[in-house]
Amino acid sequence: MAQFNRWLERLKTAKLFAIDTETTSLDTLQAKIVGLCFAVENPEDKNSHLACYIPLTHDYEDAPKQLDLTMVLEQLTPILEDENILKCGQNLKYDWHVLQNHGISLKGMQFDTMLESYTLNSVATRHNMDDLALKYLNHRTTHFEEIAGKGKKQLTFNQIEIKTAAPYAAEDADITLQLHKTLWQQLEAEPKLKAVFTDIEMPLMPVLAHMERNGILLDTDMLAKQSEEITLKLAELEQKAHLIAGSDFNLNSSKQLQVVLFETLELPILKKTPKGQPSTAEPVLAELAEQGHEMPILILEYRSLAKLKSTYTDALPKQIDPQTGRVHTSYQQAVASTGRLSSTDPNLQNIPIRTAEGRRIRQAFIARDGYQLVAADYSQIELRIMAHLSGDEGLLNAFAQGLDIHQATAAEIFGIELDQVTTEQRRSAKAVNFGLIYGMSAFGLAKQLNVSRGTAQEYINLYFARYPGVLQYMENTKEHAKEAGYVETLKGRRLYLPDINARNGQLRQYAERTAINAPMQGTAADIIKMAMIQIEAWLNCTEFDIQMLMQVHDELVFEVAENQVEAVKKEIKTIMESALTLKVPLIVEIGQGKNWDEAH
DNA sequence: GGTATCACG
DNA sequence: ACGTACGTGATACCC
């Protein structure tokens, strides 16, 4: 107790302290505190740290009596909720959730070592503490598995003896503080990266935490019905396929399918997988189907239905939190090299939309009673960014006039008037526009459009002749990448390209395409992240009954009280469109409905 | 645990 | 001559 009081004083007066929560589980909404650890700079020696572990709810047999959790949290709450007492941590979003589970709103989250590492080098694959300690401090930490075991027999933290847990936990807090010092020094040497960290990544973290906690409601009856229907259709398709093959086989196994297609039925092998196996991927089966073979048609339909069932209609209901009745995704903020977010458990960023069957799954994402879903998405954001970054006059004009950009591109490429553009020409122009964003090759465009490579090259040449600024920009970007070894977004987010000068042509070309794509994809990520931060600030001071639920790269989804939808839409649109001022207008399309499909 | 496939922007 | 459009995550096999 005396020690705890001493630490209370230390934390109250510290300029900055590291915090780490030890918990019963890793589930953000269920995890409860087992112990708390803190680290501060040693006031008597700036080069060393003081770290402590406060065991609270270890409950193995013969565990010693520990300080009372409620009392400890009560004493700590004013410190944890004081935004002027700064905290650092490793993946603070997790600690925020854990404390939230105990009714505490952690504030003053100033530095997250995971995000510091990600901002410094987004290409590095892992930003977990053990790897960071090794990389930046040349220190090998004790891994959780070493004290808890692994696999089925792994202990949860409450089952670990305090004498083992304490040094492990204290090390974590100490290392976090050390890491922060090192990483922050590196960020301070790079003002633009420091701004990305301070102005975007750190303020975004609590926004994501709130969205995760909000979750979204699913219509489980609807999904169950869809599953049943799909099951029936799958059985029919399977029966037909077995009949044609003359034997029973597993339609889910690409290996067994290879045998049936290319040995039993002797269909031509059109493509091989990287491992040299005959490919049965979608484009191959589509081509075989076009040649008039029946089996590939069956397989394609079977696969698309099996995907919907296993990944969505069956899997999503299992992810519903029993306490809240909603699904709570986890947003990964330090994964995608371009600066985008990713979503896991479940991934809510790849819910079907492109087919009618798939859209039925979106219809099961619903608003609760008395509320509507509002979906707001940026229109053509990456092409607008390309117009801005390249400064190409033609492209800037097209956006300034509010033209349908694919139609305008078609008119330019084919040298005709806007109203003369056919559906087919617009489709080709759209593919060219997408290709530009991806660092297109004539081969890739040809494949996409199903035209000859020569024709594809012709489109590309025509495009660059009409939009010379874009060609210039692409050349400049590659040039810059080769000299600097990285490219950056409009906000200065950096993406390193170690292979940009590689002797291996394949690696180099891959890096060149990334050099083209990353500034556009990454700037779009910057923009929506800034919009999210501003929307959150507005939400925190508005009386409107609204929650932000999801982010899907260029789209935000909200749940809004029915009678406030119109007012709220106007505000969201304004904030999103003015998140960043470009040389072209940013346009947000916004809709509402009882479900996510309707809201589009 | 790697490979193939397919869902999204 | 070669391999070829950017970024993700989940699921099913199969070793």
Side-chain angles (χ1 to χ4, degrees), chain A residues 122-123 249-258 271-286 299-300 302-316 318-319 329-332 335-355 357-359 361-362 377-383 386 431-449 453 456 460 487 495 497 504-522 524-525 528 550-556 596:
Chain A
S122 63
V123 180
F249 68 103
N250 183 348
L251 278 74
N252 286 316
S253 163
S254 25
K255 211 175 168 188
Q256 293 181 35
L257 184 60
Q258 278 164 22
K271 193 179 163 243
K272 296 204 171 168
T273 68
K275 288 280 284 183
Q277 299 295 310
S279 169
T280 64
E282 197 273 339
V284 173
L285 296 187
I299 299 296
L300 283 173
Y302 180 92
R303 278 218 188 124
S304 95
L305 289 172
K307 182 77 174 183
L308 292 183
K309 182 167 149 69
S310 67
T311 310
Y312 303 105
T313 59
D314 284 353
L316 285 172
K318 291 186 199 150
Q319 300 264 10
T329 187
S330 178
Y331 286 106
Q332 307 301 312
V335 169
S337 59
T338 54
R340 274 189 175 183
L341 300 175
S342 77
S343 156
T344 60
D345 307 304
N347 181 357
L348 294 186
Q349 294 182 322
N350 72 348
I351 302 301
I353 192 171
R354 293 171 188 171
T355 66
E357 274 290 330
R359 274 201 299 278
I361 289 160
R362 271 186 191 232
D377 61 281
Y378 282 108
S379 158
Q380 308 294 356
I381 188 165
E382 291 185 6
L383 282 175
M386 187 172 82
V432 171
N433 279 332
F434 270 108
L436 287 160
I437 293 169
Y438 296 152
M440 140 174 87
S441 67
F443 179 91
L445 181 63
K447 199 166 62 172
Q448 185 66 36
L449 280 175
R453 201 172 146 161
I460 296 172
V487 289
L495 189 142
L497 297 163
N504 179 327
Q506 203 178 333
L507 283 178
R508 189 180 59 249
Q509 284 165 17
Y510 184 68
E512 286 174 358
R513 291 195 296 272
T514 310
I516 300 292
N517 174 262
M520 294 184 266
Q521 196 180 115
I528 196 165
M550 292 189 285
Q551 190 255 38
V552 192
H553 308 307
D554 63 356
E555 172 184 8
L556 295 174
W596 193 8

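Every chain is numbered from 1, with letters handed out A, B, ... down the list of sequences.
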Check whether the side chain of Gln349(A) and the base of dC8(B) form a donor-acceptor pair under 3.5 Å. no
side-chain N/O Arg303(A) vs dC6(B) OP1/OP2, d < 4.0 Å: yes
side-chain N/O Thr280(A) vs dA4(B) OP1/OP2, d < 4.0 Å: no
For dA12(C), take OP1 and OP2 only and decide whether either is under 4.0 Å from a side-chain N or O of Ser254(A). no
Do any side-chain nitrogens or oxygens of Arg354(A) fall under 4.0 Å of OP1 or OP2 in dC6(B)? no
Given that both distances must come in under 3.5 Å, which nucleotide forms a Watson-Crick or G-U wobble pair with dA1(C)? none
Hey, is the side chain of Thr344(A) poking within less than 4.0 Å of OP1 or OP2 on dG9(C), counting only N and O atoms? no
Any donor-acceptor pair under 3.5 Å linking the side-chain atoms of Ser254(A) with those of Arg303(A)? no
Do any side-chain nitrogens or oxygens of Lys255(A) fall under 4.0 Å of OP1 or OP2 in dC15(C)? yes
Is there a side-chain polar atom (N or O) of Thr273(A) under 4.0 Å from OP1 or OP2 of dA4(B)? yes
Phosphate OP1/OP2 of dG7(C): any Thr514(A) side-chain N/O under 4.0 Å: yes
Can you tell me which nucleotide in dG3(C), dC6(B), dG7(C) comes closest to the side chain of Ala281(A)? dC6(B)
